[in-house]
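Contents: one structure, followed by commentary.
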Amino acid sequence: MKTVTDTAHCDDLMKALETFRDQGSLIERWGAELARRLGSGGRLLVAGNGGSAAQAQHLTAELVGRYRDDRAPFSALALHADTSSTTAIANDYGVQEVFARQTAAHGRPDDVLMLLSTSGASANLLAAADRAHRLGMTVWALTGRAPNPLHLAADDALCADAPAAATVQELHLVAVHMLCESFDRAVERGEADGGTADGRGDGRPGVRGRMDGRVDGARPDGHGGAAGRPADRPVGPRTAGTRARRGEGDA
């Protein structure tokens with residue numbers, strides 16, 4: 001008996017790709033902006049749950065390693081990948097804090113936090129977005145259909161218009177590859193030349209440089225970085241309701 005393969009999944013993806021093509025200009029802008037920030041010694045933090053965590057780590061691997069052609073490495077961290085920190089934070093502070101606390105540890109003003117979620121309602125991602133804004137970071141989101149809480153909490157969002165979570169994830173992978181292509185083109189144009197050849201601002205291992213000569217995260221009064229910043233700085237109008245939102249975790 002001949003088996004007929006159900007191609008409905010492929011049909012859904014092809015239909016979603018038709019409208020997704022319109023997001024090309026946004027992804028191009030993200031790639032250029034990311035090249036400028038990482039080339040000046042900044043860092044990209046990425047987080048997601050389940051399948052979105054895999055997509056997050058895919059993106060950081062392309063930036064630390066390479067996408068196609070050889071180039072300098074750039075600083076990018078997938079927050080879920082440190083399993084010891086993730087499980088310790090979940091055990092001591094709760095699952096909602098697993099990304100927010102790591103954002104506070106690794107993030108600095110003008111860094112970028114990218115959050116991936118098919119539903120746009122994961123509480124731990126919303127908490128991370130709130131923490132990032134408190135630190136002066138920029139938040140980008142890859143989500144499913146808008147509107148959703150994460151789309152509203154981010155500074156900029158790419159919302160995949162697809163009915164199924166699986167199709168949304170496939171579109172997010174397309175976005176990851178398009179972002180890497182845009183990033184590499186910006187690097188080739190010299191838009192990442194604010195740092196040294198190794199992608200750092202001052203060329204010293206483990207120290208992120210700033211244009212003003214201070215080590216990034218250090219305050220003018222000589223005190224430390226994230227630990228020295230108040231955790232209760234006022235939240236702007238855009239993010240004031242973020243902590244109150246609660247959503248189911250998603251891939």
Side-chain angles (χ1 to χ4, degrees), residues 20 22-49 52 55-56 59-60 63 74-79 96 99-161 168 171-172 175-176 178-180 182-183 186 191-192 194 208 216-217 226 229 231 233-245 247 250:
F20 185 79
D22 296 336
Q23 305 283 1
S25 59
L26 172 61
I27 298 173
E28 182 70 21
R29 176 162 55 82
W30 279 5
E33 180 64 21
L34 196 59
R36 286 191 289 271
R37 296 202 189 195
L38 300 193
S40 296
R43 176 178 292 158
L44 174 67
L45 306 181
V46 194
N49 296 291
S52 293
Q55 304 278 33
L59 173 58
T60 58
L63 295 174
F74 292 86
S75 182
L77 298 174
L79 298 182
Q96 184 172 326
F99 299 134
R101 193 166 180 85
Q102 291 185 77
T103 297
H106 301 301
R108 300 293 184 269
D110 297 324
D111 283 351
V112 176
L113 174 66
M114 178 174 284
L115 302 171
L116 290 76
S117 171
T118 57
S119 71
S122 299
N124 54 11
L125 298 181
L126 291 168
D130 186 26
R131 191 69 56 86
H133 280 134
R134 289 171 177 266
L135 298 175
M137 298 175 65
T138 297
V139 178
W140 295 342
L142 292 177
T143 75
R145 282 177 168 170
N148 58 72
L150 187 57
H151 153 251
L152 297 173
D155 295 295
D156 219 347
L158 190 162
C159 304
D161 187 10
V168 172
L171 292 175
H172 285 180
V176 164
M178 291 175 66
L179 179 60
C180 290
S182 173
F183 179 87
E191 295 185 32
R208 301 171 53 228
D216 199 1
R229 288 192 295 268
R233 281 166 42 184
V235 184
R238 177 186 61 247
T239 59
T242 301
R243 286 173 294 178
R245 300 189 183 102
D250 70 310

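We count residues from 1, following the sequence as given.
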Quiz item: Just wondering, do L59 and L116 contact through their side chains at under 4.5 Å, heavy atoms?
Solution: no
Quiz item: Which pair of heavy atoms, one from A127 and one from Q96, lies closest together, and at what distance?
Solution: CB-O, 3.7 Å
Quiz item: Sub-3.5 Å donor-acceptor pair from the side chain of S182 to the main-chain atoms of M178, do we have one?
Solution: no
Quiz item: So do S75 and L38 actually touch side chain to side chain, heavy atoms under 4.5 Å?
Solution: no
Practice problem: Look up atom CG in L63 and atom CG in L179, then write down how far apart they are to the nearest 0.5 Å. | Solution: 7.0 Å
Practice problem: With the side chain counted from C-beta on, respond yes when L79 and H106 share a heavy-atom pair under 4.5 Å apart, and no when they do not. | Solution: yes
Quiz prompt | More than 12 heavy atoms from other groups under 6.0 Å of CZ on R37 | solution = yes
Practice problem: Compare every heavy atom of V139 with every heavy atom of A132, then report the nearest pair and how far apart it is. | Solution: CB-CG2, 3.7 Å
Quiz item: Of the non-hydrogen atoms in F20 and A175, which two are nearest, and what is the gap between them?
Solution: CZ-CB, 3.8 Å
Exercise. Report the relative orientation of the aromatic rings in W30 and W140; use parallel for angles under 30°, tilted for 30 to 60°, perpendicular for over 60°.
Key: parallel
Practice problem: Walk me through it: do S117 and N49 pass the test side-chain contact (heavy atoms from CB on, under 4.5 Å)? | Solution: CA-CA 7 Å; S117 171; N49 296 291; over 6 Å; no
Self-check item: Straight-line distance of I27 CD1 to L142 CG, nearest 0.5 Å
Solution: 7.5 Å
Quiz item: Is R29 close to D156 at the side-chain level, that is, under 4.5 Å between some pair of heavy atoms?
Solution: yes
Self-check item: Residue pair Q23 / C159: nearest heavy atoms and the distance that separates them
Solution: NE2-O, 3.7 Å
Quiz item: Do H133 and D155 pass the side-chain contact (heavy atoms from CB on, under 4.5 Å) test, and can you show the C-alpha distance, the side-chain angles, and the key distance before you say yes or no?
Solution: CA-CA 9 Å; H133 280 134; D155 295 295; 3.0 Å; yes
Self-check item: Verdict with supporting geometry, E33 and T138, side-chain contact (heavy atoms from CB on, under 4.5 Å)
Solution: CA-CA 11 Å; E33 180 64 21; T138 297; over 6 Å; no
Quiz prompt | Contact check, side chains of N148 and S119, non-hydrogen atoms, under 4.5 Å | solution = no
Quiz item: So which heavy atom on R43 is nearest to which on L77, and how close?
Solution: CD-CD1, 3.9 Å
Exercise. Kindly give the heavy-atom pair with the smallest separation between G120 and P149, and that separation in Å.
Key: O-CD, 3.2 Å
